[in-house]
There are 2 protein chains.
Amino acid sequence: MKSAAKAQQADDSAETGAQQIRDAIREAIVERRLSPGTKLSESDVGNLFNVSRTLARAALQALSYEGLVSVEKNRGAFVAYPSPDEARQIFSARRLVEPGILREAAARITPGDIAHLRQLLLEEGRLMSERGQTARRAEIKASGDFHLTLAAISGNAIMQRFMEELVARSSLVIALYGQSTASSCGHSEHGDIISAIEVKELDRACQLMLHHIAHIEADLDLRERKSLGLKEAFEL
Amino acid sequence: MKSAAKAQQADDSAETGAQQIRDAIREAIVERRLSPGTKLSESDVGNLFNVSRTLARAALQALSYEGLVSVEKNRGAFVAYPSPDEARQIFSARRLVEPGILREAAARITPGDIAHLRQLLLEEGRLMSERGQTARRAEIKASGDFHLTLAAISGNAIMQRFMEELVARSSLVIALYGQSTASSCGHSEHGDIISAIEVKELDRACQLMLHHIAHIEADLDLRERKSLGLKEAFEL
DNA sequence: AGCGCCGAAATTGTATACGATCTTTTGCAC
DNA sequence: GTGCAAAAGATCGTATACAATTTCGGCGCT
């Protein structure tokens with residue numbers, strides 16, 4: 001039950017099948033099974049999920065709104081290829097909002113939430129020690145889930161959705177510009193942040209968060225890739 | 001050229017006709033020509049703009065993603081009717097991000113930008129003194145444009161889009177829960193914020209911004225409206 | 001040989017058609 | 001007269017069909 005065309009769980013909140021396709025593609029992008037720049041033709045997507053082009057199109061347009069795919073008029077949809085400038089904006093936005101989310105989350109956090117976060121951390125750590133693509137992908141997802149869970153705890157659905165977008169796009173940026181083979185997030189830093197929240201040291205938690213984001217960003221090599229589609233693209 | 005079915009300007013960035021419809025409807029919502037809860041059937045929208053249901057649907061789904069309309073499965077799309085809790089979340093989000101945007105904007109602001117902002121303020125003040133629905137609507141838009149322009153100056157396209165969503169949804173909230181007949185924003189407060197930025201008193205500018213948002217929020221009466229669709233709805 | 005023009009193939013943009021689901025109304029029984 | 005049930009109507013969900021645009025290969029011209 002790990003194939004692309006599964007995900008048949010009839011989530012009641014899902015308004016339509018397009019949501020499922022959207023989620024499946026987003027997951028594939030976030031987990032870096034789909035590389036930036038990959039063309040996502042409506043027909044191909046439709047065939048892949050055994051639905052009509054209509055639904056495929058709807059899913060792609062939704063993803064376009066999230067900034068995960070870029071649709072060019074009469075040319076098609078592609079997995080987003082964030083420019084270095086966009087990458088900077090994404091992390092700038094994260095620096096701007098994550099401390100605020102952290103503060104709100106800390107104000108409403110319950111012991112259960114903390115337990116949940118630690119659970120996530122444990123899982124993340126376990127995946128880090130494992131080998132293989134599958135574990136690596138799960139780790140990427142778990143790493144983002146930490147930030148997402150924090151947003152969920154904040155109780156603000158709007159900020160939560162915004163963070164979902166930022167985390168997803170961050171994954172794209174890291175896929176494009178990340179240098180170290182290590183995953184997206186320093187694992188220990190997550191734990192430090194939880195600890196700081198737990199003892200109500202808000203300012204320190206925010207500092208740690210900013211450090212954490214800076215740490216991720218420092219691993220990037222934000223230089224213009226000359227689109228490399230001339231001939232190098234075929235030498236892999 | 002103020003009819004609903006105009007907006008024929010072939011913006012090159014517009015990927016399709018659905019964008020135009022989306023923008024037209026959004027404008028109508030923000031300017032409060034469309035009241036919260038109004039049903040937006042796909043057929044009606046399509047007929048209104050002389051396009052097929054396909055495009056109407058695409059536009060409505062895009063607006064759904066922005067939180068301006070809510071689509072209920074197999075029931076249709078409605079102009080969003082934010083709950084008091086959603087309203088609080090919207091303003092909570094604004095309190096969270098607007099100071100940050102302000103700081104970034106202040107760091108990059110040019111004399112030209114300041115002139116532009118003052119121009120906006122002038123226009124806003126002129127509209128305030130005018131009478132009539134048209135002026136009132138233009139004033140609402142101008143009032144939001146101040147915050148949007150600030151976001152644009154910050155140079156972060158992501159935060160700019162986010163602010164667009166927040167401002168638009170704020171307009172809905174004010175339409176629903178606003179008490180004073182006065183428009184959405186205290187006009188003078190905008191001017192104070194610009195002045196504070198101009199003299200590089202960032203902390204004071206942020207304080208003013210927070211005050212400004214609190215001021216808007218204080219004008220709201222965030223109590224559950226019992227959907228009022230029983231009989232009171234016909235007594236107006 | 002190189003450059004530019006033209007037509008076929010592919011892909012997206014939009015419309016229409018059909019099926020599913022929900023709402024409303026109507027009619028019957030109690 | 002009230003209440004429930006079934007059918008009619010309306011609206012959405014999805015698929016298919018057609019039109020417009022782009023892309024790419026080939027042909028002719030310089």
Side-chain angles (χ1 to χ4, degrees), chain A residues 5 7-25 34 37-65 68-81 227 229-231 233-234, chain B residues 5 7-25 34 37-65 68-81 227 229-231 233-234:
Chain A
Q8 211 64 14
Q9 51 185 7
D11 192 331
D12 189 48
S13 69
E15 119 191 4
T16 165
Q19 310 291 73
Q20 299 182 345
I21 299 173
R22 169 173 68 75
D23 292 345
I25 297 180
L34 282 169
T38 303
K39 179 167 177 76
L40 300 173
S41 97
E42 297 175 355
S43 313
D44 291 350
V45 172
N47 291 340
L48 188 56
F49 290 92
N50 295 315
V51 297
S52 79
R53 211 160 59 79
T54 305
L55 291 192
R57 184 185 180 82
L60 289 173
Q61 289 208 300
L63 289 167
S64 157
Y65 196 84
L68 289 183
V69 316
S70 70
V71 302
E72 299 174 29
K73 180 167 177 165
N74 283 318
R75 278 189 30 84
F78 305 84
V79 179
Y81 198 102
S227 78
L230 296 164
K231 38 188 173 249
F234 298 96
Chain B
Q8 211 65 15
Q9 52 186 8
D11 193 328
D12 188 47
S13 69
E15 117 190 6
T16 165
Q19 310 291 75
Q20 299 183 344
I21 299 172
R22 169 173 67 76
D23 292 344
I25 297 179
L34 282 170
T38 303
K39 180 167 177 72
L40 301 172
S41 98
E42 298 176 352
S43 312
D44 291 351
V45 173
N47 291 340
L48 187 56
F49 290 93
N50 293 316
V51 296
S52 79
R53 208 160 61 80
T54 305
L55 289 191
R57 181 183 180 83
L60 289 173
Q61 289 209 300
L63 289 167
S64 158
Y65 197 85
L68 290 183
V69 317
S70 70
V71 302
E72 298 174 30
K73 181 167 177 165
N74 283 319
R75 278 189 31 85
F78 305 83
V79 178
Y81 197 102
S227 77
L230 297 165
K231 40 189 172 252
F234 298 95

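Lettering of chains follows the sequences in order, A, B, ..., and the numbering in each one begins at 1.
Listed by chain and number, the residues in a side-chain hydrogen bond (donor to acceptor under 3.5 Å, both in side chains) with Ser70(B) amount to none (sequence neighbours excluded).
Taking every heavy atom of both residues into account, Glu42(A) and Ala56(A) meet most closely at O-CB, 3.4 Å. Between Ala58(B) and Ala18(B) the shortest heavy-atom distance is CB-CB, 4.0 Å. Closest approach of Ala62(B) and Arg22(B) over heavy atoms only: CB-CD, 3.3 Å. For the pair Gly76(A) and Lys39(A), the tightest heavy-atom approach, listed with the atom from each and the gap, is CA-NZ, 3.8 Å. Annotation for Phe78(B) and Gly37(B): closest pair CD2-O, 3.6 Å, computed over non-hydrogen atoms.
Comparing dA17(C), dA15(D), dT14(C) by their closest approach to the side chain of Arg53(B) singles out dA17(C).
The distance between atom CZ of Arg57(B) and atom C1' of dA15(D), rounded to the nearest whole Å, is 12 Å. Across the protein-nucleic acid pair, Phe78(A) atom CZ and dT11(C) atom C1' stand 10 Å apart, rounded to whole Å. Here dT14(D) presents its C1' atom at 16 Å from CZ of Phe49(A), a figure rounded to the nearest Å. We find that CD of Glu72(B) is positioned 12 Å from C1' of dC22(C), with the value rounded to whole Å. Between the CG atom of Asn50(A) and the P atom of dT14(D) there is a distance of 14 Å, rounded to whole Å.
Dashed line: the shortest gap from a side-chain N or O of Lys39(B) to OP1 or OP2 of dT23(C) is not under 4.0 Å.
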Check: protein-nucleotides 7-9 of chain D nitrogen or oxygen pairs below 3.5 Å:
none

Tabulate protein N/O versus nucleotide N/O from nucleotides 22-25 of chain D, keeping only pairs under 3.5 Å, one per line.
from, atom 1, to, atom 2, distance (Å)
dT23(D), OP1, Arg75(A), NH1, 3.0

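Between Ile25(A) atom CD1 and Leu60(A) atom CG the span is 5.0 Å, to the nearest 0.5 Å. Summarising the geometry, atom CZ belonging to Arg57(B) is positioned 12.0 Å from atom OG belonging to Ser41(B); distances are rounded to the nearest 0.5 Å.
Of the candidates Val69(B), Leu48(B), Leu63(B), Val69(B) is the only one forming a side-chain contact (heavy atoms from CB on, under 4.5 Å) with Leu40(B).
Within 4.0 Å (heavy atoms only), Thr54(B) reaches at least one base atom of the nucleic acid.
Mapping Ala77(B) and Leu55(A) onto DNA chain D by nearest heavy atom places Ala77(B) closer to the 5' end of the strand. Along DNA chain C, the nucleotide nearest Ser52(B) and the nucleotide nearest Glu42(A) are compared for position; the residue whose nucleotide lies closer to the 5' end is Glu42(A).
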